[in-house]
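This is a predicted model, so every value here is computed, not measured. This chain uses plain numbering: 1 for the first residue, then up along the sequence. As a basis for the values below, the full set of heavy atoms in this structure was taken, side chains included, without hydrogen atoms, waters or symmetry mates.
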Amino acid sequence: MCLALPGQVLNIEDDTLRTATVSFGGVTKSVSLALVPEATVGDYVIVHVGFAISKLDEEAARRTLQTYADLADSNPDRGFRP
């Protein structure tokens, strides 16, 4: 199953892929912002397979991350944390 997850941009490198560090509820990953050139530090983006594909408003991102956390808490054996 493929998921696109919301994350917050923490910093952006000045390279050809606009590589950014993005936080997914505290877990950080390197993500390309090449497809979302308007994204800046502090923005929330939707990430799919290592590429940010759109911006997302903060409230929608927080609701989605809370839904994932609630799902993980309801079934700790499956333990998904974004």
Side-chain angles (χ1 to χ4, degrees):
M1 177 167 67
C2 295
L3 289 175
L5 299 174
Q8 186 176 29
V9 177
L10 300 179
N11 63 50
I12 301 171
E13 299 293 325
D14 187 23
D15 60 15
T16 54
L17 291 177
R18 289 194 77 223
T19 304
T21 301
V22 175
S23 175
F24 300 92
V27 176
T28 59
K29 299 287 184 186
S30 292
V31 169
S32 172
L33 298 180
L35 301 176
V36 189
E38 70 275 19
T40 61
V41 172
D43 285 345
Y44 283 85
V45 291
I46 296 290
V47 178
H48 182 67
V49 294
F51 287 85
I53 56 176
S54 68
K55 284 180 59 177
L56 181 69
D57 71 74
E58 183 174 349
E59 178 58 30
R62 291 188 188 279
R63 280 194 319 263
T64 302
L65 290 170
Q66 186 60 52
T67 298
Y68 289 138
D70 291 346
L71 287 170
D73 290 343
S74 70
N75 191 350
D77 293 336
R78 301 203 68 154
F80 175 78
R81 285 277 177 198

Of the non-hydrogen atoms in Val9 and Ala20, which two are nearest, and what is the gap between them? CG1-CB, 4.1 Å
Of all the heavy-atom pairs spanning Asp57 and Ala60, show the shortest one and how long it is. OD1-N, 2.9 Å
Rounded distance (nearest 0.5 Å) linking atom CD1 of Ile46 with atom NZ of Lys55: 12.5 Å
Side-chain donor/acceptor of Gln8 to backbone N/O of Gly42, under 3.5 Å: yes
My understanding is that only residues two or more places apart in sequence, or in another chain, count here; which of them pass side chain to side chain donor-acceptor pair (under 3.5 Å) with Asn11? Thr21
Determine the minimum heavy-atom distance between Val41 and Ile12, stating which atoms define it. N-CD1, 3.9 Å
Not counting sequence neighbours, which residues clear salt bridge (charged side-chain N to carboxylate O under 4.0 Å, His left out) with Glu58? List them please. Arg62
Nearest 0.5 Å, please: how far is OG1 in Thr64 from OH in Tyr44? 11.0 Å
Find out if a path of hydrophobic residues (ILVMFWY) with successive side-chain heavy-atom gaps under 4.5 Å connects Leu10 to Leu5. no
Heavy-atom pair of closest approach, residues Ile53 and His48: CD1-CB, 4.1 Å
Provide the closest heavy-atom pair for Ala39 versus Arg18 in the form atom of the first, atom of the second, distance. O-NH2, 3.0 Å
Review item, side-chain donor-acceptor pairs of residues 23-33, under 3.5 Å, at least two apart:
| residue | atom | partner | partner atom | Å |
| --- | --- | --- | --- | --- |
| Ser23 | OG | Gly26 | N | 3.1 |
| Ser32 | OG | Leu17 | O | 2.7 |
| Ser32 | OG | Ala34 | N | 3.1 |

Least distance between heavy atoms, Tyr68 atom then Pro6 atom: CE1-CD, 4.2 Å
